[in-house]
Amino acid sequence: MLHINKIRDNRDSYIEQLKIKNFDAFTLIDAVIFKDDERKVTQQKADELLSKANQLAKQIGELYKTGKVAEANILKKESSAIKESSKTLQTKQGELEKKIQDILVQIPNIPHPTVTEGKSDADNVTLKEVGAIPTLMEGAKPHWELTSDYNLIDFELGNKITGAGFPVYVNKGAKLQRALISYFLDKNTDAGYIEYLPPHLVNEASGFGTGQLPDKEGQMYHAIEDDLYLIPTAEVPVTNFFRDVIVKEFPIKCTAYTPCFRREAGSYGKEVRGLNRLHQFDKVEIVQVQHPEKSYETLDVMVQHVASILDELELPYRILKLCGGDLSFTAALTFDFEVYSAGQERWLEVSSVSNFESYQANRLKLRYKDDNGKTQLCHTLNGSALALPRIYAALIENNQTAKGIIIPKALHPYTGFDIIK
RNA sequence: GGAGAGAUGGCAGAGUGGUCGAAUGCGGUGGUCUUGAAAACCAUUGUACAGCAAUGUACCGGGGGUUCGAAUCCCUCUCUCUCCGCCA
């Protein structure tokens, strides 16, 4: 959520910059400024009346103390009248505030100046490509066949007990999954991130804090009985740790492994086959809270960090800078990582590293005190380091050999085996 | 699930109708003292909105009500704690 004062100060440039996101903000921005003007006037009037009422109440108290009941009664009447009109104004003010809020949540974050125009993911800019595309042996298979051949993942069993998109990992397939989680967490904690293991269900306030609610309500599983939401990413619980917090020291660095639950309503077909898109998947997330002046520097460091993990896993990958059209509602700048999946001969997104600037912080009321002692909004950033299923898919596809699936060296200490036969 | 207690500033904790944005202690910040530090002493120390400012308004878990006036009384919701039950 953008801050109303910033919208006021930057009206024209915001409208211009949001065009990069293919978003026509003209109507909303003018509406919100108009409503805010109205709000200010209303508040001024209401405050004035309330001030008068407070004074009268004090006088009445004095009069009672000195036994001047008759005079007090006259003032009482006056006070009642004031109270009535102030109440009307306060109601109006409340309605205006709600309306302003309603509009504000509809305006996306302002893209960073370096974000280029574009309609869809086709227009993203490839910044760099690392590692050679592997040439596989004759008869190489996509992962959904490999997982079956080597008995690593039982999709059918998942179907039986839950439904499509809920795989069951088996034997070495399960061990590999666990190894990846541990490996990622260790890489992150080695880089100074504090490890957390948060709840996998959150309340409504948390869903709102990171922007899933009210806009993306349909994406989350909702446990209606208890009014709790299954998290679609660790970003939700972890970022909400800092809701209503005034931070003392930067940066705050967190990492967390969680399963992620996504309804993905309306997805089907080849694109979502096997591990490509799931309703439940595992992900290790990194989150940082940073001083506004340092957040872009931090974004680069986070990108480097994710790249270093992929280097170590010996997976060919590319880094994309998202164009305006593909940038998420809340992000100002995002870099995507895609690994090459040789069995499917396509690139798969495995990480998305973003700077949200103060967009989330404004909703969260996540602030710090500047040198003048004034409270200011922090910047928040997050990224996957990393999302498991597609890494898993690329790993087994790219490393399939006639002898079996070769496990990269970096994982040996975690798996305890170096090949799956 | 049953019974009871509670929710106050960064923390602890007082406050049952007016002079309470809120005692006191701890913590934080600034200063005095000191070669330096500690101790001691003094001062200061919540957030948001409106305003150039002075200042005003709102907030004592959330919402509503009574009253001229509510942290304080009433209703309601949420959460926490204790005991019992159940249980990994």
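Worth knowing before you read on, the calculation uses all heavy atoms, side chains too, and leaves out hydrogens, waters and symmetry mates. In what follows, every chain begins at residue 1, and chains take the letters A, B, ... in the order their sequences are listed. Remember, it's a predicted structure, so these values are computed and weren't measured experimentally.
As rounded to the nearest Å, B/rC26 and B/rU44 have C1' atoms that lie 16 Å from one another. To the nearest whole angstrom, the two C1' atoms, one in B/rG17 and one in B/rU32, are 44 Å apart. The P atoms of B/rU16 and B/rC74 are separated by 14 Å, rounded to the nearest whole Å. Rounded to the nearest Å, the gap between the C1' atom of B/rA7 and that of B/rC59 is 16 Å. If you take atom P in B/rA48 and the same atom in B/rG1, they sit 39 Å apart, rounded to whole Å. The gap from the P atom of B/rG28 to that of B/rC20 amounts to 29 Å, rounded to the nearest Å. Using C1' as the reference atom, B/rC73 and B/rC83 are 30 Å apart when rounded to the nearest Å. For the P atom pair drawn from B/rC75 and B/rC81, the interatomic distance equals 25 Å after rounding to whole Å.
The CG atom of A/Leu366 sits 13 Å away from the P atom of B/rA48 (whole-angstrom rounding). Whole-Å rounding puts the A/Asp36 CG to B/rC49 P distance at 10 Å. Put simply, CD on A/Gln55 is 12 Å from C1' on B/rU55, counting in whole angstrom units. One can place NZ of A/Lys248 at 15 Å from P of B/rG27, the figure rounded to the nearest angstrom. In this structure, the CG atom of A/Leu50 is 11 Å from the P atom of B/rG69, given to the nearest Å. Here the P atom of nucleotide B/rC59 and the CG atom of A/Asp244 are 18 Å apart, to the nearest Å. B/rC49 atom P lies 22 Å from atom CG of A/Leu49, rounded to whole Å. If you measure from atom CD1 of A/Ile60 to atom P of B/rA70, you get 11 Å, rounded to the nearest angstrom.
For A/Arg39, whose side chain is taken as the heavy atoms from C-beta onward, the closest listed nucleotide among B/rA50, B/rC68, B/rG56 is B/rA50. In the set B/rU57, B/rG69, B/rC49, the nucleotide with an atom closest to the side chain of A/Lys83 is B/rG69. For A/Ala57, counting side-chain heavy atoms from C-beta on, the closest listed nucleotide (B/rA48, B/rA50, B/rC68) is B/rC68. Comparing B/rC68, B/rU57, B/rG51 by their closest approach to the side chain of A/Ser51 singles out B/rU57. Comparing B/rC49, B/rU57, B/rG18 against the side chain of A/Gln43 picks out B/rC49 as the nearest.
Remark: the A/Glu397 side chain and the A/His143 side chain contain an N/O donor-acceptor pair separated by less than 3.5 Å. Using modelled atom types and a 3.5 Å distance limit, the side chains of A/Ser295 and A/Asn355 yield a donor-acceptor pair. Under 3.5 Å, the side chains of A/Asp186 and A/Tyr414 contain a donor-acceptor pair of N or O atoms. Side-chain atoms of A/Tyr150 and A/Asn171 include no donor-acceptor pair closer than 3.5 Å.
Along RNA chain B, the nucleotide nearest to A/Gln90 and the one nearest to A/Lys40 differ in position, and the one closer to the 5' end is contacted by A/Lys40. Taking the nucleotide of RNA chain B with the nearest heavy atom to each of A/Gln44 and A/Lys65, the more 5' of the two is matched to A/Lys65.
A/Thr375 has a side-chain polar atom (N or O) that falls below the 4.0 Å cut-off from OP1 or OP2 of B/rA48. For the pair A/Asn54 and B/rC68, the criterion of a side-chain N or O lying under 4.0 Å from OP1 or OP2 is not met.
Atoms CG and CZ, from A/Asn362 and A/Arg367 in turn, are 9.5 Å apart once rounded to the nearest 0.5 Å.
B/rA43 is paired with B/rU29 under the criterion used here, namely a Watson-Crick or G-U wobble arrangement in which both key atom distances are under 3.5 Å. Searching all strands for a Watson-Crick or G-U wobble partner of B/rA48 with both distances below 3.5 Å returns B/rU57. Pairing for B/rA23 is absent, with no Watson-Crick or G-U wobble pair whose two atom distances lie under 3.5 Å. When Watson-Crick and G-U wobble pairs are counted only if both distances are under 3.5 Å, B/rC79 pairs with B/rG6. As the counterpart of B/rA88, no nucleotide is assigned, since no Watson-Crick or G-U wobble pattern has both distances under 3.5 Å. B/rA71 is unpaired under the criterion used here, namely a Watson-Crick or G-U wobble arrangement in which both key atom distances are under 3.5 Å.
Using a cut-off of 4.0 Å between Lys/Arg side-chain N and Asp/Glu carboxylate O, A/Glu62 and A/Lys68 are scored as not salt-bridged. For A/Asp37 and A/Arg8, the salt-bridge test passes: some basic side-chain N is under 4.0 Å from an acidic carboxylate O.
Contact annotation for A/Asn73: no contact, since no heavy-atom pair falls under 4.0 Å across all strands.
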